[in-house]
Amino acid sequence: MSDQSPAVPNGPTGAPITLRVGLGGAAASGSLYDRIGGAPAFDRLVRRFYDGVQTDEVIWPMYPQDDLEGAISRLSLFLQQYWGGPGTYSAERGHPRLRMRHQPFRITPEARERWLHHMHDAVASLELAPLDEAELWGYLDRAAHAMTNSFD
C-alpha cells in the first residue's frame, strides 16, 4: 500500500483495496481541489451555477445582482478552500460561518431545491470522475439542506 493510494485493509480477499476515481481510473489521492483541476475547475463550476441562478425567479432575488462578480468570486474561493486549495477565502473574509451568512435570506425547501438543481447542472458540466463527483455532490447536498431556514 503506497502513501498516495487510500486503501481499505480488509477487502473480500483480505488484500488491500485501492479506491479509484473511476472504473480502471487513477487511485483517489490528494485533495479534491487538485484532482479536479484546481481553481479553474471551481471557477467553471461556479460560473455555470450562476448562469442558471440568473434565470431562476425563486432564488435570483436573493443574490447580489449589483455584485455578481463578487458573489462568483466568494463562492469559488470558499469551495476551493474547503476542498484543499488556498486559504484565500478565510484570509479575505474570516471564518465562513455559512449559517450566519445565509440567515438573512428566507431559504425554503423550494429555494433549496432550486439551488440544488442549478448546482447539479454545474457539477455535471465538469464531467468529473464518479468518485470525485459523488464526494463533491454529497457535500453540496448536505450544505444546501443545512441552510434551509424557513418551512412555511
Side-chain angles (χ1 to χ4, degrees), residues 3-8 17-22 25-152:
D3 59 332
Q4 292 189 347
S5 299
V8 179
I17 297 173
T18 299
L19 298 177
R20 301 202 175 275
V21 295
S29 61
S31 68
L32 182 77
Y33 174 84
D34 290 328
R35 289 194 318 262
I36 71 170
F42 283 99
D43 289 344
R44 285 192 314 275
L45 171 77
V46 172
R47 287 198 177 277
R48 177 71 176 254
F49 168 73
Y50 271 99
D51 286 347
V53 166
Q54 290 177 73
T55 68
D56 194 299
E57 62 191 30
V58 173
I59 62 174
W60 177 234
M62 292 185 223
Y63 287 87
Q65 296 162 20
D66 59 337
D67 186 25
L68 184 58
E69 285 301 314
I72 290 169
S73 175
R74 288 186 294 274
L75 179 55
S76 183
L77 289 173
F78 168 75
L79 291 172
Q80 290 174 47
Q81 178 177 303
Y82 183 87
W83 291 107
T88 308
Y89 180 90
S90 288
E92 292 180 0
R93 299 188 44 91
H95 189 281
R97 303 178 309 220
L98 293 181
R99 292 211 24 102
M100 184 198 81
R101 292 185 195 273
H102 289 82
Q103 193 58 43
F105 306 101
R106 186 173 171 266
I107 303 174
T108 63
E110 178 187 16
R112 176 193 66 223
E113 294 307 311
R114 300 304 307 153
W115 189 93
L116 285 168
H117 168 78
H118 298 297
M119 190 54 81
H120 187 270
D121 177 65
V123 170
S125 76
L126 295 178
E127 299 180 346
L128 300 174
L131 184 63
D132 293 337
E133 182 173 331
E135 186 176 358
L136 177 59
W137 182 249
Y139 167 76
L140 294 167
D141 184 59
R142 288 187 307 276
H145 280 80
M147 296 305 109
T148 306
N149 60 21
S150 181
F151 296 91
D152 51 308

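Note that the structure is predicted; figures quoted are calculated from it, not measured. Just the heavy atoms: all of them, side chains too, but no hydrogens, waters or symmetry mates, feed the values below.
For the atom pair Asn149 CG and Phe105 CZ, the distance stands at 10.0 Å (nearest 0.5 Å). With rounding to the nearest 0.5 Å, the separation of CD in Glu92 from CG in Leu77 is 6.0 Å.
Looking at every heavy atom in both residues, Glu135 comes nearest to Trp83 through OE2-CZ3, 3.4 Å. The heavy-atom pair separating Ile107 from Arg112 by the smallest distance is CG2-N, 4.4 Å. Residue Pro64 comes nearest to Ala71 through the heavy atom pair CG-CB, 3.8 Å, listed as atom of the first residue, atom of the second, then distance.
In this structure a side-chain-to-backbone donor-acceptor pair under 3.5 Å is missing from Arg114 to Glu110. A distance-only check finds no donor-acceptor pair linking the side chain of Arg48 to the backbone of Asp121 [under 3.5 Å]. The backbone N or O of Ser90 lies less than 3.5 Å from a partner atom in the side chain of Gln81, making a donor-acceptor pair. Judged purely by atom type and a 3.5 angstrom limit, Ser125 uses its side chain to pair as donor or acceptor with the backbone of Ala122.
In this pair, Tyr82 and Phe78 present their aromatic rings tilted. The plane angle is within the 30 to 60° band.
Within a 6.0 Å sphere centred on CD of Gln54, heavy atoms belonging to other residues, nucleotides or ligands number more than 12. The environment of Glu127 atom CD is sparse: at most 12 non-hydrogen atoms of other residues, nucleotides or ligands sit within 6.0 angstrom.
With 3.5 Å as the limit, one finds a donor-acceptor pair spanning the side chains of Gln80 and Ser76.
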